[in-house]
Participant: 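The structure follows.
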Amino acid sequence: MRIATWNVNSIRARADRIEAWLDRSDVDVLAIQETKAKDENFPWELFEFAGYEVAHFGLNQWNGVAIASRVGLKDVERTFPDQPVFGKGKQEPIQEARAMAATCGGVRVWSLYVPNGRGLDDPHMPYKLEWLRVLKDHAKQWVKDDPEAQIALVGDWNVAPQDDDVWDIQFFRDNNMTHVSEGERAAFNAFIDDAGFVDVVRPRHPGPGVYTYWDYTQLRFPKKEGMRIDFQLCSPALADRVTDAWIDREERKGKGASDHAPVVIEIG
DNA sequence: ATGTCGCTTTTTAAGCGA
């Protein structure tokens with residue numbers, strides 16, 4: 001079975017790309033982030049024609065996650081338990097459309113779009129750290145309750161855990177940039193060190209120079225200036241079954257590409 | 001030498017978010 005995660009940066013703008021990619025990638029499950037759509041604007045027929053069931057969680061033009069599957073799509077869950085809220089402007093704080101789960105082919109797949117911290121001193125940063133902490137605490141418990149649990153936490157984590165995960169760490173340091181701070185890295189690494197999850201892609205594709213995201217600005221892609229911020233973290237029992245993994249850098253090429261590349265794993 | 005997208009709205013440009 002093949003599981004992919006992909007921040008598509010608008011499901012509508014990327015519809016043709018997604019259709020073509022499903023056609024050639026042969027994935028069984030696709031976890032999507034940044035659909036930027038409400039249900040009424042979601043291209044349901046795209047997935048139907050391609051032979052996939054799909055579930056979507058989108059509240060407005062921001063965020064939005066989905067899971068498409070051709071190996072079953074059961075027990076869809078929107079938001080994780082105790083998911084922290086955030087208030088935009090004067091509006092009531094809400095649980096944003098950043099997490100959803102479904103059981104596909106026996107694997108509990110979580111499609112995650114981790115909040116962007118925006119700035120080291122921005123209110124979005126503590127929100128991001130708390131969001132990750134609460135999810136990690138639950139993930140740890142899921143595995144504690146069932147050591148054989150088949151869980152994949154996949155998506156855009158908005159964290160570059162190692163210096164090699166950005167093209168120039170000094171540039172990030174000099175400009176007080178997010179994604180590489182101690183707090184963000186600790187929040188991410190807790191999934192591995194504390195909850196016992198496994199990054200199944202990095203060992204097969206170590207850096208430097210291996211990225212999943214390239215900013216649209218500054219010609220970052222042709223200059224090979226990217227970031228590794230999209231990950232598939234597997235529960236221990238699922239990690240044992242992984243036979244292959246890759247980042248589809250080709251999909252970042254050409255006109256109309258998302259700024260993120262799909263990340264794929266193969267399970268035996 | 002320069003340099004992006006995509007969404008929305010009391011739209012046809014500006015603001016927001018990444």
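Throughout, protein chains are lettered first and strands after them, A, B, ... in sequence-line order, and every chain is numbered starting at 1. Excluded from the calculations below are hydrogen atoms, water molecules and symmetry mates; all remaining heavy atoms, backbone and side chain alike, are included.
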Participant: Please give the distance between the C1' atoms of B:dT8 and B:dT2 as a whole number of Å.
Facilitator: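 28 Å, rounded to whole Å.
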
Participant: Using the P atoms only, state how far B:dA1 lies from B:dG6, rounded to an integer number of Å.
Facilitator: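 So the two P atoms sit 29 Å from each other.
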
Participant: Using the side chain to side chain contact (heavy atoms under 4.5 Å, CB included) criterion, which residues pair with A:Leu219? Sequence neighbours excluded.
Facilitator: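 In terms of side chain to side chain contact (heavy atoms under 4.5 Å, CB included), with neighbours along the sequence ignored, A:Leu219 is linked to A:Pro222, A:Lys223.
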
Participant: Measure CG/A:Asn60 against C1'/B:dG6 and give the value in whole Å, please.
Facilitator: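 Whole-Å distance recorded here is 14 Å.
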
Participant: Please list, pair by pair, any protein nitrogen or oxygen found under 3.5 Å from a nitrogen or oxygen in nucleotides 11-18 of chain B.
Facilitator:
{"from": "B:dA18", "atom 1": "OP2", "to": "A:Arg118", "atom 2": "NE", "distance (Å)": "2.6"}
{"from": "B:dA18", "atom 1": "OP2", "to": "A:Arg118", "atom 2": "NH2", "distance (Å)": "3.1"}

Participant: Rounding to a whole Å, what distance do you find between A:Lys255:NZ and B:dC5:C1'?
Facilitator: 10 Å

Participant: Are A:Ile151 and A:Leu238 close enough that some pair of their side-chain heavy atoms sits under 4.5 Å apart?
Facilitator: no

Participant: Can you tell me if the side-chain N/O atoms of A:Arg14 get under 4.0 Å from OP1 or OP2 in B:dG6?
Facilitator: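 For A:Arg14, the contact criterion (side-chain N or O under 4.0 Å from OP1 or OP2 of B:dG6) is met.
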
Participant: Which heavy atom of A:Phe171 sits nearest to which heavy atom of A:Met177, and what is that distance?
Facilitator: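 Of all heavy-atom pairs spanning A:Phe171 and A:Met177, the closest is CE2-SD, 3.6 Å.
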
Participant: Mind checking what makes side chain to side chain contact (heavy atoms under 4.5 Å, CB included) contact with A:Lys224, not counting sequence neighbours?
Facilitator: A:Arg249

Participant: Show me the donor-acceptor pairs, under 3.5 Å and distance only, between side chains in residues 202-210 of chain A and residues at least two apart or in other chains.
Facilitator:
{"from": "A:Arg202", "atom 1": "NH1", "to": "A:Gln162", "atom 2": "OE1", "distance (Å)": "3.4"}
{"from": "A:Arg202", "atom 1": "NH1", "to": "A:Asp165", "atom 2": "OD1", "distance (Å)": "3.0"}
{"from": "A:Arg202", "atom 1": "NH2", "to": "A:Asp165", "atom 2": "OD1", "distance (Å)": "3.4"}
{"from": "A:Arg202", "atom 1": "NH2", "to": "A:Asp165", "atom 2": "OD2", "distance (Å)": "2.6"}
{"from": "A:Arg204", "atom 1": "NH1", "to": "A:Val200", "atom 2": "O", "distance (Å)": "2.9"}
{"from": "A:Arg204", "atom 1": "NH2", "to": "A:Val242", "atom 2": "O", "distance (Å)": "3.0"}
{"from": "A:His205", "atom 1": "NE2", "to": "A:Ala245", "atom 2": "O", "distance (Å)": "2.6"}

Participant: Tell me every residue that passes ring pair (Phe, Tyr, Trp, His ring centres under 6.0 Å) with A:Phe42, counting only those two or more places apart in sequence or in another chain.
Facilitator: A:Trp44, A:Phe47, A:His56

Participant: What interatomic distance, in whole Å, is found between P of B:dT10 and the corresponding atom of B:dC5?
Facilitator: 27 Å

Participant: Can you measure A:Gln218 atom CD to B:dT4 atom C1' for me and round it to whole angstrom units?
Facilitator: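 My rounded result for the distance is 9 Å.
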
Participant: Starting at atom CZ of A:Arg17, determine the distance to atom C1' of B:dC5, rounded to an integer number of angstrom.
Facilitator: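 Value for this atom pair: 13 Å.
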
Participant: With sequence neighbours excluded, tell me which residues meet salt bridge (charged side-chain N to carboxylate O under 4.0 Å, His left out) with A:Asp259.
Facilitator: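 A:Asp259 satisfies salt bridge (charged side-chain N to carboxylate O under 4.0 Å, His left out) with no residue once adjacent residues are dropped.
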
Participant: Both A:Ser10 and A:Lys223 contact DNA chain B. Which one's nearest nucleotide lies toward the 5' end?
Facilitator: A:Lys223

Participant: Using the C1' atoms only, state how far B:dG15 lies from B:dT11, rounded to an integer number of Å.
Facilitator: 12 Å

Participant: How is A:Arg12 classified with respect to the nucleic acid when contacts are heavy atoms under 4.0 Å: base, sugar-phosphate, or nothing?
Facilitator: sugar-phosphate

